[in-house]
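To keep things clear, I will list the structure first and then write my remarks on it.
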Amino acid sequence: MLFCRILPAVFLLSASLCCASALSTPARAAGPAQDGGKTHKETGHIDSEAFLRAIVAVRFEDDAEAAKAFQQALAADPGNAELLRQALVRSIMSGSPDAGELARRVNELPASRNQVSVLALGNEAARQGRWTAALGYYRMAESDLLTHLIMPLLMAWGEQAQGHAGQAVNALLAQAQDAGGLTPFYTLHAALIARAGGMENRAQELLFRAQKLMSGSDVLTARSCAAWLWQHGQREKARAVLRALGDTDPLLTLAGPGLQANIAVFPVTSAREGIARAYLLAAFILNQQGREQMHADPAGPARLTAAQRGASAFQFNEASRLMLGFALEMDPTLVEARLMLAEIQGEEGHPDAARETLLHVPPTDPLAPVAMFRLSMFDIAAGHLDDAIALLNKLSSESPEQTAGQAQVQRVLGGALLEKKDWAGAIAAYTRAMEFDRKHGAVDWALLSMRATTYYEAGDWPHARADARAALAYAPDEPSLLNFLGYSMTERHENLPEAEELLRKAHRLAPEEAAITDSLGWVRVEQGDVEGGLVLLEKAAEQIPEDPEVNYHLGEAYWRLGRRTEAVDQWNMALGLHPNPSDEKLIRAALERADMAPKTGVDEKKSDQSSQKGEKAQ
C-alpha cells in the first residue's frame, strides 16, 4: 500500500534475525556470561513455566508478554545466551525500556554478539544524540545481505546528524549506483539528507530524480515532493502530487484532507526519523520476501513443501517485525510502521494484537483515517462489531464523500451491519458503495451479490433475486452466484428446471465445492429424482459431515425413499449441530412428522438397491 514494489531478491537472514529458534528448547550458553564485571554461570535450571509461556506468547505475537516471560526464564538461568538473545528481541519488538540493558549484556558476550544487539545499542546512542557512538556500533554489525542494504542509510543519517550532510549524500549516491531496486529509496534519502543539511538545490534535484525512479506510488516520496513544491510556490502541482496517491491506493483518498492540510510539512526532518524510515524499508523488504516465499511454486527450484514455505514466511515476518520494532524505537509516531506491523499480525491470525498496534496511532496524523479503517477490519475479525461500526460511521461522516476510499468504507460497513443482522443498514451501506461505482462508470458484481444476500436475509426475495440476476449478468461463471440463485429458487419451488440448470453449471465450474453439490442434489430431490439426488447429497455429507443443512437434506432424501431410521438419524444429527433458526424449524418439523408417521416395516435392502440404481444413473 505504502511503497512501490522492490525488485525481488533472496535475503539470507542470520540466525540472530530469525526468531523461530525461540520455539525450541533453549540453547545452553558456551560458558559463563559476564555483565558489567559480574559473571553469570549456567545454573542448569530451566524455568519451564516461564519458557512455555514465552513460546505461547511468541506464537500469538504478544511481544510484551514474551519479553517478560523470557526475562523471567533468564533470571533463573542467567548464563543462557539463547534466552538472553530472545529476551532482547522481544523487548525490542514490544518497545520495552529493558532492551538497552539486554543489548549491552548480549554485546559483552563474544559468542552472543550479533546484528540485533549492536543495532539496538546504535539506536539507543542515536536517540540520546551520541552520534559518534551510534556510528561505531553500526560499524560493528557483521555484514549480511540485509545489513549491507540498510547500513548505507544508517551511516548516512548518522553523518548528517554530525554536520556532514554533503559527505553523507555523496556516499549514499555512490551506493545507489549498484543498489538495484533500492536505488530510488537511496536517492530519496539522499535528497532528505541534503535538505536537512541546507542544500536546497541539491535536495530539489534528488527529490524529483527519486520520484522519476519510483516504479509506483510511494507516500514518503509524494509527501516530500509535495512539501518542496508547496514551499517553493508551486501549490497546485503540490496538491496534484498528493491527489495522485489515491489513483494507486484508493484507501489513501481517506487520508486526502489530512495530507492536504499538512502539505507544507516534510515527513522526515531529522536523523532519527530518517533512521526509522530505513528500518521501515528493511521491514518492507523482508515482508515482501516472506510473501514471495509463501506463494512460491512448490515445483520450483526450492521445492519447498507448504509447511516449509509457511515456516520460512513466519521467519521473514518475525525479522520484519523486529525491524519495525527498531523503527518505532526511533520514531514512535511513525504510522506507516504501525500499519505494516498490524497487517503482518492480522495475516498471521492475531487480530487482537493488530488492534492493539493501531490503537496507538495518533489521531492527528494525516494517515490516521487509513489506520482507523484497518482497525475497523481487525475489530470485525476479532468480533468487536459495535466498535467497528462506530469507527466506520465516524469515517463515513468525516472523510470525503464519493471517493474510492469511502466506497470501501461503505462496503465494509455493510458487511459489519449484515453480521449484526441490521438488514436495512447493510442494504443502505451497500447501496451507497454501488452509487460510487455507477458515478465512475463501473459495476462491482460482488457488491450486488452482497446486497442480494442481505435482501434475502431480510426476507425480500424479489429484490434479492433481482440483484442476483444483475450480478450474474456481469459474472456469469461465478459458482457462488449460480449456487445462491439456484438454491434460493429451489427453496421456493420457483422454476425448478431453471434452478437445476443454474446449479448444474455451478457444479461443472466447482465440482469439489460441497455446498454446491448439496444444492444440486437437493434440487433433483425436489423435482422427484430422489435416487439421483441422494448420490450427490451423500457425497456432500462426506465432505462436510457437520453441516446441519446438508444433514437435513440427506435425511429428507432417505425419508422419501422409505429409509426412515436413517432419515431420523440424520435429522437428530443435524439438530445437534446448532442449526440456524430457520433450519432448526424445518428439522424439528421433520422429526415431528417421523414421530407421527405409522411404522411401515420398510424393506431397507430394497431401498439400498434403489439407491445403487440411482448411483449408476448418476
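Sequence positions, counted from 1, serve as the residue numbers for this chain.
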* To do: Determine, step by step, whether Asn123 and Tyr279 satisfy the side chain to side chain donor-acceptor pair (under 3.5 Å) criterion, reporting the C-alpha distance in whole Å, the side-chain angles of both residues, the deciding distance to 0.1 Å, and the verdict.
  => CA-CA 11 Å; Asn123 296 342; Tyr279 284 125; 2.9 Å; yes
* Could you check whether the rings of Trp157 and His189 sit parallel, tilted or perpendicular, using 30° and 60° as the cut-offs? =>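 Aromatic pair Trp157/His189 classed perpendicular.
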Taking side chain as C-beta onward, heavy atoms only, is [X] less than 4.5 Å from [Y]?
X	Y	value
Leu213	Phe185	no
Pro362	Val335	yes
Gln408	Pro250	yes
Leu121	Asn107	yes
Phe378	Leu359	no
Gln345	Arg355	no
Leu173	Tyr186	no
Arg272	Asp331	no

Expected output: side-chain [X] to main-chain [Y] donor-acceptor under 3.5 Å:
X	Y	answer
Gln211	Thr221	no
Ser96	Ile92	no
His232	Trp228	yes
Gln231	Ala264	yes
His350	Arg59	yes
Ser117	Ala103	no
Glu273	Thr269	yes
Asn262	Gly258	yes
Ser376	Leu392	no

* Let me see the working for Arg277 and Glu336 under side-chain contact (heavy atoms from CB on, under 4.5 Å), right down to the final yes or no. => CA-CA 9 Å; Arg277 296 281 179 167; Glu336 290 96 320; 3.0 Å; yes
* When you look at Arg321 and Asp63, which way does the salt bridge (Lys or Arg N to Asp or Glu O under 4.0 Å) test go after all the steps? -> CA-CA 10 Å; Arg321 294 201 305 116; Asp63 295 317; 2.6 Å; yes
May I ask you to check whether [X] and [Y] show a side-chain donor-acceptor distance below 3.5 Å?
X	Y	result
Arg53	Gln72	yes
Ser91	Asp98	no
Gln406	Thr253	no

* Check the pair Arg85 / Leu74 against side-chain contact (heavy atoms from CB on, under 4.5 Å), numbers first and verdict last. => CA-CA 10 Å; Arg85 282 193 294 266; Leu74 182 63; over 6 Å; no
* Run the side-chain contact (heavy atoms from CB on, under 4.5 Å) check on Leu206 and Leu192 step by step: do they pass? -> CA-CA 9 Å; Leu206 293 173; Leu192 295 171; over 6 Å; no
Distance from [X] atom [atom1] to [Y] atom [atom2], nearest 0.5 Å?
X	Y	atom1	atom2	answer
Leu328	Met93	CG	CE	12.0 Å
Thr333	Arg338	OG1	CZ	9.0 Å
Leu413	Phe373	CG	CZ	10.0 Å
Leu334	Met340	CG	CE	9.0 Å
Met155	Ile275	CE	CD1	10.0 Å

Is a salt bridge present between [X] and [Y], judged by a nitrogen-to-oxygen distance below 4.0 Å?
X	Y	answer
Arg374	Glu343	no
Glu108	Arg104	no
Arg90	Glu65	no
Arg209	Glu205	yes

Looking at every heavy atom in both [X] and [Y], which two are closest together, and how far apart are they?
X	Y	result
Thr183	Thr187	O-OG1, 2.7 Å
Ala99	Glu329	CB-OE2, 4.0 Å
Leu84	Val106	CG-CG2, 3.4 Å
Ala283	Ser320	O-OG, 2.9 Å
Gly197	Ala165	CA-CB, 3.8 Å
Ala282	Ile150	CB-CG2, 3.5 Å

* So among Leu391, Asp352, Leu358, which one has a side-chain contact (heavy atoms from CB on, under 4.5 Å) with Asp379? ->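 Looking at Leu391, Asp352, Leu358, the match for Asp379 under the side-chain contact (heavy atoms from CB on, under 4.5 Å) is Leu391.
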* side chain to side chain donor-acceptor pair (under 3.5 Å) assessment of Glu82 paired with Gln86 -> CA-CA 6 Å; Glu82 181 61 22; Gln86 294 303 336; 2.8 Å; yes
* Asked: Is the number of heavy atoms from other residues, nucleotides or ligands within 6.0 Å of CE (Met377) greater than 12?
  ->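 Result for CE/Met377: open.
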* **Phe266 atom CZ, neighbour heavy-atom count above 12 within 6.0 Å** =>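 Atom CZ in Phe266 is packed in, count exceeds 12.
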* Asked: So Met151 and Arg139, side-chain contact (heavy atoms from CB on, under 4.5 Å) or not? Walk me through it.
  -> CA-CA 8 Å; Met151 196 55 66; Arg139 290 189 184 99; over 6 Å; no
